[in-house]
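One structure is given below, encoded as C-alpha cells.
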Amino acid sequence: MSVDTVSLTGWGRTAPTTAVRFRPRGYEEAAAVVRGRGPRGVIARGLGRSPGDAAQNAGGSVLDLSGLARIGGVDATAGVVHCDAGVSLERLLRVLLPLGWLPPVLPGTGRVTVGGAIGSDLPGLDHRRAGSFARHVSALELLTADGEVRTVLPGTALFDATAGGLGLTGVVLGATLRLRRVSTGLMSVSTERAGDLDDLLARFTAGGDRLPYASAWVDLTARGRATGRGILTRGEHATPDMRPAHAGRIRLAQRSGAAPGRSLLPGLPPLPDGLLRPAAAALCNEVRYRGSPRARTGELRPVPAFFHASDALPDVRPLYGRGGLVRYRFTVGYGQEETLHRVVRRIAARRSPAVRAVLQRFGAADPGLLSFAAPGWSLELDLPASLPGLGRFLDGVDEEVAAAGGRVCLAQDSRMRPETATAMYPRLAEFRELRARLDPAGAFRSDLSRRLGL
C-alpha cells in the first residue's frame, strides 16, 4: 500500500485541502487504514469526479480506492456482475457491452467509480423508468467504523443510509449489480430545438416515455423571448432491424484520461486559462444552438458516444480560470415550473457565462435517505467560481429552491450552508441519528460533512 501527503480538490478545483492518502491493494489494507485512523477520520475517494469537497478530508486520511478495480465475475445469463468499488463505469461498459449488457444506470461521464456511483446514488438519463444507481445494487460489501466488512442488502436501514450517503456510513469495497440487456451497441437518437423554456418543457413531456433516455442543453445566456431555449436529445436502444448492414461490429474506443489543460483530440492545443467570459459564452451558445438541427430522428450513435460524449472532449476546466468552477444542480417538483423559470431568468439576467447547463426529468424518489433525485425537473450548470458575488447569488437561488420544496445535490455541492441542507433534506435527521449510532467516534468524515454538519 502506498502512502503520501497530498493537496486534493474535487473536479471543480475549488478549496484544496491537504490529507494523507492511502492506496490499498486489497480489502484488508483498506480495513487497516480505518482501524488505524487518526482524530480527523477517513473518507473514501475514487476518481475525484465529485465537483465539490465530498471526497476531501482536511488534516485527515483519504482512502483512494482506484486501485481496487477487479471485475470478479459476469453472469451473462442472469445479467449480474460483481466488481470492486474502484471499477469505473467506463471500463464496466467496455467489458459488458460486447456481452449484450449495460451497467444499470449511466450518468453523463463514465469516469466515475462504482463506489462513487453508490455513494452519490447517481441518476441517469432514464430516471423516470430506472431510478438511480443504488436501486440496481443487489448487495454491497461495506467496511464499517469497527474495521469489519459487512454484506449489506437493499431494504435495510444501513443500505438506505449508504445509498447517497457520500461515504459517511463506511467504505463501499464491492458491489453486485443487476444489469440491463441490450441487443446492439447502438442508440437511436432524436434531436430537436426549442425556442424558449416553455417550448422545451412542452417537448420534454409531449413524447411521454416512448424514448426512455432524455436530457436537454439549455442556453442560459439567451434573454428576452428566447430565455431558456435549448436542444432536446432523446434516445432508445437500437434493435437489430435498425442497424445498417454496413455497420459491422461496434468497437468501444479505449479513451485515456488527459492531464488538465491537455486535449484528447490530436492536433488541438491545450485550452487557455480563464477564457470564459459572458460575451464568449453567449457566442459559444449561439453557435451551438444555430448549428443544431431543428428536428432529426433515427440517428444511430454508438452507446458510449451517446452517454459519455463529453469524455472524448478536451478538459474544459481551464476555461473557468484558476479559481475553478462551481457546479450547481437542483431539482424542483412537477407543478413548480415557475420556480424553474425564475431561476433561469435570474441566471440569464445576471449574464453568467454558463455554457454547460443540462435539464432532466426525474421519476419516483429513490429510497436513500440523502438521495438527490425526486419527481420533477433537474437543472445542472457550471459557473466560474471567481464570478463576483456568486456565493450570495446562489444562496438566493437556494432559498427559492427550498421554498418550492426542492433540493440541491449534495454530491456536487461545494458551498451550501448547513441550515439550507437541513431544510431541503427531510430525512437528514434520520441519517444523522443512524450515523451517531453506528459510528459514534466519527470514523468517516469529509470536508463536506464538516461544512454541512452531516
Q. Does R415 count as lying over the ring of F393, i.e. NZ or CZ under 6.0 Å from the six-ring centre, within 45 degrees of the axis?
A. no

Q. Is a side-chain donor or acceptor of Y27 paired with a backbone partner of L173 at a separation under 3.5 angstrom?
A. yes

Q. Do S449 side-chain atoms and R445 backbone N/O form a donor-acceptor pair below 3.5 Å?
A. no

Q: Could you check whether the rings of H237 and F307 sit parallel, tilted or perpendicular, using 30° and 60° as the cut-offs?
A: tilted

Q) Are F22 and V42 side-chain neighbours, meaning at least one heavy-atom pair lies under 4.5 Å? A) no

Q) OG/S183 to CE/M242 distance, rounded to the nearest 0.5 angstrom? A) 8.5 Å

Q) Are any side-chain N or O atoms of Q360 and backbone N or O atoms of G124, one a donor and one an acceptor, separated by less than 3.5 Å? A) yes

Q.
I want to check something: taking the side chain as every heavy atom from C-beta on, are S66 and L47 in contact at a cut-off of under 4.5 Å?
A. yes

Q) Is a side-chain N or O of D126 found less than 3.5 angstrom from the main chain of A130, in a donor-acceptor match? A) no

Q.
I'd like to know if the side chain of R23 and the backbone of S2 have a donor-acceptor N/O pair within less than 3.5 Å.
A. no

Q: Give the C-alpha distance, both sets of side-chain angles, the deciding distance and a yes or no for side-chain contact (heavy atoms from CB on, under 4.5 Å) between V344 and L220.
A: CA-CA 7 Å; V344 169; L220 294 179; 3.9 Å; yes

Q. Will you find, in the side chains of T420 and D398, an N or O donor that is under 3.5 Å from an N or O acceptor?
A. no

Q) Are S414 and R327 linked by a side-chain donor-acceptor pair shorter than 3.5 Å? A) no

Q) If you round to the nearest 0.5 Å, how far is CZ of R203 from CD1 of I231? A) 11.5 Å

(Q) Check whether Y425 forms a cation-pi arrangement with R407 (NZ or CZ under 6.0 Å from the six-membered ring centre, at most 45° off the ring normal). (A) yes

Q) With side chains defined as the heavy atoms from C-beta onward, is the minimum distance between S7 and T17 less than 4.5 Å? A) no

Q. Got V152 and V172 here, is their nearest side-chain heavy-atom distance under 4.5 Å?
A. no

Q: Report the distance from atom OG1 of T233 to atom CH2 of W217, rounding to the nearest 0.5 Å.
A: 11.0 Å

Q) Is there a donor-acceptor pair under 3.5 Å between the side chain of R435 and the backbone N or O of F444? A) yes

**Q.** Min side-chain heavy-atom separation L390-Y328 under 4.5 Å
**A.** no

Q) After noting the C-alpha distance and the side-chain angles of D64 and R45, does the key distance pass the salt bridge (Lys or Arg N to Asp or Glu O under 4.0 Å) rule? A) CA-CA 5 Å; D64 183 334; R45 183 181 178 96; 5.8 Å; no

Q.
For F306, run the side-chain contact (heavy atoms from CB on, under 4.5 Å) check against L125, L300, L186 and tell me which one passes.
A. L125

Q: Return the minimal non-hydrogen interatomic distance between A216 and L200, and the atom names on each side.
A: CB-CD1, 3.8 Å

(Q) Go through it in stages, so that I can follow the logic: the residues are V95 and V87, the test is side-chain contact (heavy atoms from CB on, under 4.5 Å), and I'd like the CA-CA distance, side-chain angles, deciding distance and then a yes or no. (A) CA-CA 11 Å; V95 170; V87 173; over 6 Å; no

Q. Out of curiosity, L89 CG to T113 OG1, how far, rounded to the nearest 0.5 Å?
A. 7.5 Å

Q: Look up atom CZ in R111 and atom OG in S88, then write down how far apart they are to the nearest 0.5 Å.
A: 9.0 Å

**Q.** Under 3.5 Å: donor-acceptor pair, side chain of R135, backbone of P104
**A.** no

Q. Can V316 and L325 be said to form a side-chain contact (heavy atoms from CB on, under 4.5 Å), step by step?
A. CA-CA 10 Å; V316 300; L325 66 88; 5.6 Å; no

**Q.** Taking every non-hydrogen atom, the tightest pair across I43 and A54
**A.** CG1-O, 3.8 Å

(Q) For a quick test of reading the model, state the closest non-hydrogen atom pair linking T169 to T144 and the distance between them. (A) O-CG2, 4.4 Å

Q: Looking only at non-hydrogen atoms, find the nearest pair between L122 and P107 and report the distance.
A: CD1-CG, 3.8 Å

Q: Check whether any side-chain heavy atom of V343 lies under 4.5 Å from a side-chain heavy atom of V332, and answer yes or no.
A: no

Q. Are any side-chain N or O atoms of S120 and backbone N or O atoms of A117, one a donor and one an acceptor, separated by less than 3.5 Å?
A. no

Q. Would you say R437 has more than 12 foreign heavy atoms packed within less than 6.0 Å of its CZ?
A. yes

Q: Start with the C-alpha distance between R180 and L106, add both sets of side-chain angles, then the distance that settles side-chain contact (heavy atoms from CB on, under 4.5 Å), and finish with yes or no.
A: CA-CA 11 Å; R180 172 172 297 173; L106 289 170; over 6 Å; no

Q: Kindly give the heavy-atom pair with the smallest separation between F372 and S378, and that separation in Å.
A: CE2-OG, 4.0 Å

Q) Closest approach of I118 and A175, non-hydrogen atoms and distance? A) CD1-CB, 3.7 Å

Q | Face-on cation placement of R361 at W377 ring, 6.0 Å and 45° thresholds | A | yes

Q) Have D366 and S371 got a donor and an acceptor in their side chains that come within less than 3.5 Å? A) no

Q. For residues D75 and H82, is any side-chain donor paired with an opposing acceptor at under 3.5 Å?
A. no

Q: Verify, without hydrogens or angle tests, whether Q56 (side chain) and P16 (backbone) share a donor-acceptor contact under 3.5 angstrom.
A: no

Q) Does some side-chain heavy atom of L232 sit less than 4.5 Å from a side-chain heavy atom of F204? A) yes

Q: State whether R345 and E338 are salt-bridged, where the test is any N-O pair (Lys NZ or Arg NE/NH1/NH2 against Asp/Glu carboxylate O) under 4.0 Å.
A: yes

Q. Between E148 and R150, is the closest basic N to carboxylate O distance under 4.0 Å?
A. no

Q. Can you tell if the side chain of L93 reaches within under 4.5 Å of the side chain of P103, non-hydrogen atoms only?
A. yes

Q | Note: E380-R356 ion pair, threshold 4.0 Å (strictly below) | A | yes

Q.
For R210, is the CZ atom crowded, meaning more than 12 foreign heavy atoms sit under 6.0 Å from it?
A. no

Q. Donor-acceptor pair, R40 side chain versus A58 backbone, under 3.5 Å?
A. yes

**Q.** Ion pair R451/D413, N-O distance below 4.0 Å
**A.** yes

Q. Between atom CG of L394 and atom CZ of R417, what is the distance when rounded to the nearest 0.5 Å?
A. 11.0 Å

